[in-house]
Participant: 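Below are the structure tokens for one structure; questions will follow.
Position 1 is the first residue of the sequence, and the numbers go up from there. One-based numbering, in listed order, for ligands and for the atoms of each. On a predicted model such as this, the values are computed, not experimentally measured, just so you know. Just so it is clear, the values below take in all heavy atoms, side chains as well, and ignore hydrogens, waters and symmetry mates.
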Amino acid sequence: MTAQAILLRGATVVDGSGAPRFLADVRIEGERIAAVAPQADARGAQVIDVAGRIVAPGFVDVHTHDDQIVLEAPVMLPKLSQGVTTVVVGNCGISLAPLVHPDPPPPLNLLGGPGNYVHTSMAAYAAAVTRARPAVNVAALVGHSTLRVATMDDPYRAATRAEQTRMVELLREGMDAGAAGLSSGVFYPTGAAADLDELALLAAVAGEAGGVYATHIRDEFDRVLDSLDEAFAAARRGGLPLVVSHHKCAGPRNWGRTVETLAHIDAARARQPIALDMYPYVAGSTVLDRDMVDGIIDVLVTWSTPHPEMVARSLADIAAEWGCTQQEACDRLQPGGACYFQMREDDVQRVLRHPATMIGSDGLPHDRHPHPRLWGTFPRVLGHYCRDLGLFPLEAAVHKMSGLSARRFGLADRGEIRAGAFADLVVFDAASVRDAATFEEPVAPSIGIDCVLVNGAIAYRAGRALPERAGRFVRRAA
Ligand code: ZN
Ligand code: CU
């Protein structure tokens, strides 16, 4: 008998593997699941009746920019309230470590205000996570743009051999400290000057250590196929699994083209391991970028340093009020961020349904008026897409949020419900679970998430985060 035993009684278990649900009790002892069985031993346990509720593995948010927020606001309510128990930080080439910089260029400013880049190494960042005791677990990618800004006086040009050697050293340190892999965002100016050789060189370092390569590809618009090919080649040469970040076909000219891109990805998957992540919305969100303002799609301002009064308004309105073009308005609002309504619903659904697609919010926790994906991603897939539209069975939805994700990112003993696994769990009501965050009112906890456990401790219950924060820095599996 252990002190901290909990028994979830009468659960409908969706175990994360994709297998059909079954009825069982789940007994937790300390930080792990001790038993999954009918009539499991209740002795010495706090018994929670979960009859009629789904018990699933805590969700893994594979695509986040939570590097700083886990330190700054470790309660992590936007994620906990969705049933998320692990976040993968460092996506899109942007990681807080390893970089010491007073005011790094966009898009590195997605991670909050200047002054956040103070971690000389991934080991130092991991130590900072441990000190902060966030409510959720943290796995980290090493960002390629971060490596470039750390090693180059000017990240907008090609790197020299010496600079690349220094990037390799920093990345190796990151992998030794337990990073899950390398990320890149060659779409962004800080990463764009890198060629395939540089990406393959670094991918190989992450690959040797057993990591993955996640990439925000060079072009999600007209040149999406070429950009996918570049990502395939970097991962193939690096000898490691690829994750295509937030897969989309952006811009009205490319709507409908996920038919092509998914076929292209499937053909490549015959030769190499490839997974995708995505968030369940037709709008993306990133820093303000005049190249993404085409005068056709809607653009919603999410933050602006010089014009905070324009936040939550559309760029078209602001331009009309100022009597200028949308591009000019974009320039005057800098630095800032926006939501871009650049996708079409049929593409979103097609990518969501793909068997290699995992769910990742890509939420931006420092934005004043954030994209609703920050608070709504996981319940939106469970409620809107799975239950209401019937896009896939609940078992498949959960798999895309847990088992598949944990395996892809090397999170040992997570993402599945079985004896011996970590007790990262979410209890929810399949009939009522839904997102509440909208583009108008983006800060809203989801409905129907009853209880969340992280490493065996109850982290969230009845709409409230509990004081015991039991998340930790999760090292890549050996
Ligand atoms: Zn990205
Ligand atoms: Cu991202």
Side-chain angles (χ1 to χ4, degrees), residues 60-70 78-79 84 87-96 104-112 138-149 180-192 194 199 212-221 223-224 227-228 230-231 234 242-251 261 275-289 291-292 302-303 337-343 347-348 351 357-367 370-378 405 408-409:
V60 179
D61 189 348
V62 295
H63 191 115
T64 86
H65 298 285
D66 289 342
D67 306 49
Q68 172 68 17
I69 205 77
V70 296
K79 299 298 166 74
V84 169
V87 296
V88 178
V89 305
N91 273 280
C92 296
I94 309 158
S95 59
L96 207 54
L108 275 67
N109 57 356
L110 279 183
L111 301 183
V138 178
L141 298 164
V142 179
H144 170 240
S145 281
T146 296
L147 293 177
R148 286 178 68 86
V149 172
L182 170 73
S183 81
S184 77
V186 284
F187 160 75
Y188 291 110
T190 45
L199 297 167
V212 298
Y213 173 50
T215 181
H216 178 161
I217 59 174
R218 202 173 284 278
D219 189 334
E220 295 175 319
F221 292 77
R223 301 190 42 127
V224 61
S227 300
L228 285 171
E230 180 185 43
L242 175 67
V243 177
V244 178
S245 297
H246 43 59
H247 183 52
K248 65 173 77 69
C249 288
T261 59
L276 317 168
D277 71 59
M278 84 169 307
Y279 45 85
Y281 298 87
V282 292
S285 186
T286 185
V287 288
L288 273 169
D289 176 352
D291 292 341
M292 287 172 67
T302 55
W303 64 280
C339 293
Y340 303 87
F341 290 79
Q342 57 185 359
M343 287 168 258
D347 287 312
V348 169
V351 179
T357 299
M358 305 172 284
I359 308 304
S361 70
D362 205 2
L364 301 175
H366 303 279
D367 288 12
H371 187 304
R373 66 194 185 185
L374 177 66
W375 287 81
T377 290
F378 290 80
S405 322
R408 285 294 179 176
F409 282 87

Participant: Given side-chain contact (heavy atoms from CB on, under 4.5 Å), test V138 with D66 step by step and report yes or no.
Facilitator: CA-CA 9 Å; V138 178; D66 289 342; over 6 Å; no
Participant: Any idea how H246 and H63 line up, ring-wise: parallel (<30°), tilted (30 to 60°), or perpendicular (>60°)?
Facilitator: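 H246 vs H63 ring planes: tilted.
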Participant: Once you round to the nearest 0.5 Å, how far does OG1 of T190 lie from CG of L147?
Facilitator: 11.0 Å
Participant: Suppose we only allow N, O or S atoms; which atom of D362 ends up nearest to the Cu ion (ligand 2)?
Facilitator: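 Minimum-distance N/O/S atom of D362 relative to the Cu ion (ligand 2) is OD1.
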Participant: Do N91 and H65 meet the criterion of a side-chain donor-acceptor pair at a distance under 3.5 Å?
Facilitator: no
Participant: Hey, is the Cu ion (ligand 2) within less than 2.8 Å of some N/O/S atom on H216?
Facilitator: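 For H216, the answer is no, given that no N, O or S atom comes within less than 2.8 Å of the Cu ion (ligand 2).
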Participant: When you check the space around the Zn ion (ligand 1), which protein N, O or S atoms turn up under 2.8 Å?
Facilitator: C92 SG, H216 ND1, H246 NE2
Participant: Any side-chain donor-acceptor pair under 3.5 Å between S361 and D61?
Facilitator: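 A donor-acceptor contact under 3.5 Å links the two side chains.
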Participant: Can you tell me if, anywhere in H63, an N/O/S atom lies at a distance from the Cu ion (ligand 2) that is smaller than 2.8 Å?
Facilitator: yes
Participant: Please round to the nearest 0.5 Å and tell me the distance separating atom NE2 of H144 and atom CG of L182.
Facilitator: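 Here the rounded value is 7.5 Å.
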Participant: What's the atom name of the N, O or S in H65 nearest to the Cu ion (ligand 2)?
Facilitator: NE2
Participant: State, with a plain yes or no, whether a side-chain heavy atom of R408 is found less than 4.5 Å away from one of V62.
Facilitator: no
Participant: State whether Y281 and R373 meet the cation-pi test: NZ (Lys) or CZ (Arg) under 6.0 Å from the six-membered ring centroid, and within 45° of the perpendicular axis.
Facilitator: no
